[in-house]
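Every value quoted in this text rests on a predicted model; they were computed, and no experiment measured them. Computation of the quantities below employed the complete heavy-atom set of this structure, encompassing side-chain atoms and omitting hydrogens, waters and symmetry-equivalent molecules.
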Amino acid sequence: MNSSEYVLLTIFGCGLVTWLSRVLPLVLLQKFRLSPKITEFLSFVPIVIMAALWFENLFTQRLGHLPTPNWDNIIASVPTFVAAVITKSLLWIVVIGMLSLVVVRHI
């Protein structure tokens, strides 16, 4: 097997695994009914993921040093946090966060 066939098989295999990890739970959950508590618990997953991504980007990490503040992201977080409190809409949080970061980086 030459290297181009190996690369193509690797790409195909990764795509298949990614597709199965998204489709298989959907197919299995259509046959079962989840309890309201589990459904409520799962409703918080997008917010938790967004919070984890947000907090990770507030600091710049370098090997052997303490994390340093990323001031652009911290300043852009202020209007984003205000939008989150006012709207409680993930769409508006993302849009205002992106716009505020663009403004901060171009000032």
Side-chain angles (χ1 to χ4, degrees):
M1 177 183 307
N2 61 25
S3 65
S4 63
E5 289 175 350
Y6 182 74
V7 169
L8 285 175
L9 282 174
T10 303
I11 292 171
F12 177 75
C14 291
L16 181 65
V17 168
T18 302
W19 182 76
L20 282 175
S21 69
R22 286 163 171 72
V23 171
L24 196 59
L26 180 66
V27 170
L28 291 176
L29 287 176
Q30 285 179 346
K31 298 181 183 201
F32 301 106
R33 184 145 175 90
L34 296 176
S35 72
K37 285 191 176 195
I38 292 176
T39 304
E40 181 184 2
F41 174 76
L42 290 175
S43 71
F44 291 108
V45 170
I47 302 297
V48 171
I49 291 171
M50 287 298 296
L53 291 171
W54 167 73
F55 189 76
E56 176 190 11
N57 287 304
L58 290 181
F59 301 98
T60 303
Q61 302 171 17
R62 291 186 321 184
L63 190 61
H65 297 350
L66 290 173
T68 57
N70 185 334
W71 291 109
D72 287 350
N73 290 351
I74 292 173
I75 293 169
S77 294
V78 174
T80 307
F81 183 76
V82 171
V85 170
I86 293 172
T87 66
K88 294 179 179 60
S89 167
L90 194 56
L91 174 68
W92 283 110
I93 294 168
V94 171
V95 168
I96 291 178
M98 290 171 56
L99 289 175
S100 61
L101 190 58
V102 166
V103 168
V104 167
R105 286 188 178 171
H106 283 37
I107 289 180

ILVMFWY network linking [X] to [Y], side-chain heavy atoms under 4.5 angstrom:
{"X": "M98", "Y": "L90", "answer": "yes"}
{"X": "V27", "Y": "W19", "answer": "yes"}
{"X": "I49", "Y": "L42", "answer": "yes"}
{"X": "F81", "Y": "W54", "answer": "no"}
{"X": "L26", "Y": "V45", "answer": "no"}

Work out which heavy atom in [X] is nearest to a heavy atom in [Y]; give both atom names and the distance.
{"X": "S21", "Y": "T18", "value": "OG-O, 2.8 Å"}
{"X": "I107", "Y": "V103", "value": "CG1-O, 3.0 Å"}
{"X": "S100", "Y": "A76", "value": "OG-O, 3.0 Å"}
{"X": "L101", "Y": "N73", "value": "CD1-OD1, 3.3 Å"}

If you count heavy atoms of other groups shown closer than 6.0 angstrom to CG of L66, is the number above 12?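 Atom CG in L66 is not crowded, with 12 or fewer foreign heavy atoms closer than 6.0 Å.
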List for me each residue that meets side chain to side chain contact (heavy atoms under 4.5 Å, CB included) alongside P69, sequence neighbours excluded, and say none if there are none.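 Partners of P69 under the side chain to side chain contact (heavy atoms under 4.5 Å, CB included) test: W71, I74.
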Among V85, V95, I93, whose side-chain contact (heavy atoms from CB on, under 4.5 Å) with T80 holds?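 Of the listed options, the one satisfying the test is I93.
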